Amino acid sequence: MSIDPTLLDDLEWRGLVAHSTDRDALRAALAEGSVRYYVGFDPTAPSLHMGNLLQIVTAMRLQRAGHTPFVLVGGSTGMIGDPRDSGERTLNTLETVAEWVERIRRQVEPFLSFEGQNAATMVNNLDWTAGVSAIDFLRDIGKHFPVNRMLARDVVRNRLEDGISYTEFSYILLQSMDYLHLHREHGVSLQLGGSDQWGNITGGVELVRRADGERVHAFVTPLVTRADGTKYGKTEGGALWLDPEMLSPYAFYQFWLNVEDEKVGELLRLFTFLDRARIEELEAAHAEKPFLRAGQKALAEEMTTLVHGADETARIQAASAALFGGGDMGELSPDTLGAALRETGVLRVESAGGLPSVVDLLVETGLAKSRGDARRTVGEGGAYLNNVRVEDPDRVPGADDLLGGTWLVLRKGKKSFKGVEVV
RNA sequence: GGCAGAUUGCCCGAGCGGCCAAUGGGAGCGGACUGUAAAUCCGUCGGCUUUUGCCUUCGAAGGUUCGAAUCCUUCAUCUGCCA
């Protein structure tokens, strides 16, 4: 496989390199041949999310440019947990970690190629840490870590006031040991990650230098934030999960479609595989007619296709067009409507014995979290049945409300839809 | 081990015997304006009812009192100071 010499320029243009070890050295290494690189994911949840996705697409770019990926799933590091500002983590049980390791491994696999000259390799750091004795660990790894330097790290310093356990304090040693191991066993010489990992990653770079006298490379992608600087990736109730069980593909698509104008160009560059010309074209179109949201549409389509596939994306686009078309719901064919609603989630109710009231339906579909909340929503004018505002919370839909004889379209606010299928 | 202080709703933080479901800010939710954007403004923001009603909440368990988030006891956790 030939090496793409423009890789680093492209990464930098996209804004994917927030920090790196010596750029000239990195550039030289990437030009020389297929670099073996690694990116790690800790099983801190049953699914990866938007932040991890940035590492995934970056890893994909490197592989497409001819370099050789090693994907590390943190079977051991996930048992420890890296320190974060919000405070000490609660340790997950070993069974939980093991299960999440497996789920994440399966989740990452489709994004990389495991065939060809630069085939990807999946590794689990539990394989080389489980058997290390405490004495060996302290002598071989710990000796290379000056505590004064460890204390100076931002995460640690921020935690000194509130307290940090020795467990989390030691996390950097484990992750650094991974780099050393992969370097020794597989010739890995580049690590990438998120910018919050920079400290842990440089720890590994230094360990390789101190232990083996070898120079290895690293770079990290930026932290993606909203236009106002706050954390991204939060949708209703949770993170932007990649697992369709945890976040429906429809909601995933809607997230990207609703990205702020100011962030569209940045996100297109960071996350999509669209080329520079195409992205600049979209940015120009967006600048001229922002209300058409050409950038958001492209972004949502690219990301949803990447994560959930082209077929699912097409269905979601059709559903979005139907639901947000603003027209009379009765104009839609029952098939189209049913297909659209199935993307948003459907509640099936029996018609025998009469239908539930609008308040009950709001609760049962999950649009409202309690009956009080549902009543409040109706009172605030935020409840709609078949795109018509509902005034009376106790209103009970009748037979003539059923679209195509079976469907009710329940909406809360501007963009939360649920279908009700009456059988 | 001793002394002192802390623990409040999703988060941060007031309250320090009744007027407390509990001030304020943030997040969330709804409305208006728009473009299924941002900003702004308004409303809302424990549960059940739908109302000048009831229930469950202020680290946990007991107690004092007509009445406690507010006082007392014990326990747990955290922080600081002294050993």
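Labels below follow one simple rule: chain letters A, B, ... track the order of the sequence lines, proteins then strands, and each chain is numbered from 1. Here the structure is a predicted model, which is why all the values come from computation and not from measurement.
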d([atom1], [X]; [atom2], [N]) in whole Å:
X	N	atom1	atom2	answer
A:Glu343	B:U36	CD	C1'	17 Å
A:Lys412	B:G43	NZ	P	19 Å
A:Asp373	B:C48	CG	C1'	14 Å
A:Asp394	B:C48	CG	C1'	14 Å
A:His286	B:G35	NE2	C1'	9 Å
A:Asp392	B:U50	CG	P	12 Å
A:Leu367	B:G30	CG	C1'	13 Å
A:Lys415	B:G30	NZ	P	8 Å

According to a strict under-4.0 Å criterion, is [X] in side-chain N/O contact with OP1 or OP2 of [N]?
X	N	value
A:Arg371	B:U49	yes
A:Tyr384	B:G31	yes
A:Lys263	B:A37	no
A:Ser370	B:G47	yes
A:Ser320	B:U36	no
A:Arg376	B:G47	yes

Could you tell me whether [X] contacts a base, only the sugar-phosphate backbone, or nothing, with contacts defined as non-hydrogen atoms closer than 4.0 Å?
X	result
A:Arg375	base
A:Arg293	base
A:Gln254	base
A:Arg389	sugar-phosphate

Mind telling me whether A:Phe252 and A:Trp256 have parallel, tilted or perpendicular rings, with 30° and 60° as the class edges?
->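 The rings of A:Trp256 and A:Phe252 stand perpendicular, inter-plane angle above 60°.
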
Could you label the plane-to-plane angle of the A:Phe324 and A:Phe417 rings as parallel, tilted or perpendicular, counting under 30° as parallel and over 60° as perpendicular?
->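 It falls in the perpendicular class, over 60°.
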
Taking pairing as Watson-Crick or G-U wobble with both contacts under 3.5 Å, can you name the mate of [N], or confirm there isn't one?
N	result
B:C16	none
B:U56	none
B:G62	B:C72
B:G80	B:C3
B:U23	none
B:U44	B:G28

Taking the [atom1] atom in each of [N] and [M], what is the distance between them to the nearest angstrom?
N	M	atom1	value
B:C66	B:C11	C1'	37 Å
B:G17	B:C75	P	26 Å
B:A22	B:A27	P	23 Å
B:U56	B:U44	P	26 Å
B:C20	B:G46	P	15 Å
B:A38	B:G28	P	10 Å
B:C12	B:G18	P	26 Å
B:A32	B:G24	C1'	25 Å

Take A:Arg411 and A:Phe291, find for each the nucleotide of RNA chain B with the closest heavy atom, and name the residue whose nucleotide sits nearer the 5' end.
->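 So the residue in question is A:Arg411.
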
Nearest-nucleotide comparison on RNA chain B, the residue closer to the 5′ end among A:Asp261 and A:Thr377 |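 The residue whose closest nucleotide sits nearer the 5' end is A:Thr377.
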
Contact check, side chains of A:Phe137 and A:Leu174, non-hydrogen atoms, under 4.5 Å |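 In contact.
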
Do A:Leu361 and A:Leu367 touch side chain to side chain, with heavy atoms closer than 4.5 Å?
->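 A:Leu361 does not reach A:Leu367 side chain to side chain.
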
Side-chain donor/acceptor contact of A:Glu380 with base of B:U44 under 3.5 Å |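 Counting by modelled atom types and ignoring angles, no donor-acceptor contact under 3.5 Å is found here.
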
Is A:Lys414 side chain donor-acceptor paired with the B:U34 base, going by distance under 3.5 Å alone?
->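 Check passes, donor-acceptor contact within cut-off.
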
Side-chain donor or acceptor of A:Arg411 paired with backbone N/O of A:Tyr384 under 3.5 Å =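 Looks like no, no N/O pair under 3.5 Å.
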
Mark yes or no for whether A:Gln191, through its side chain, and A:Ala218, through its backbone, hold a donor-acceptor pair below 3.5 Å.
->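 No: the side chain of A:Gln191 does not pair with the backbone of A:Ala218.
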
Residues in side-chain hydrogen bond (donor to acceptor under 3.5 Å, both in side chains) with A:Thr129, at least two apart?
->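 So A:Thr129 forms a side-chain hydrogen bond (donor to acceptor under 3.5 Å, both in side chains) with A:Ser76.
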
With A:Thr77, which of A:Asp82, A:Asn125, A:Thr44, A:Asn200 fulfils side chain to side chain donor-acceptor pair (under 3.5 Å)?
->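 Among A:Asp82, A:Asn125, A:Thr44, A:Asn200, the one meeting side chain to side chain donor-acceptor pair (under 3.5 Å) with A:Thr77 is A:Asn125.
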
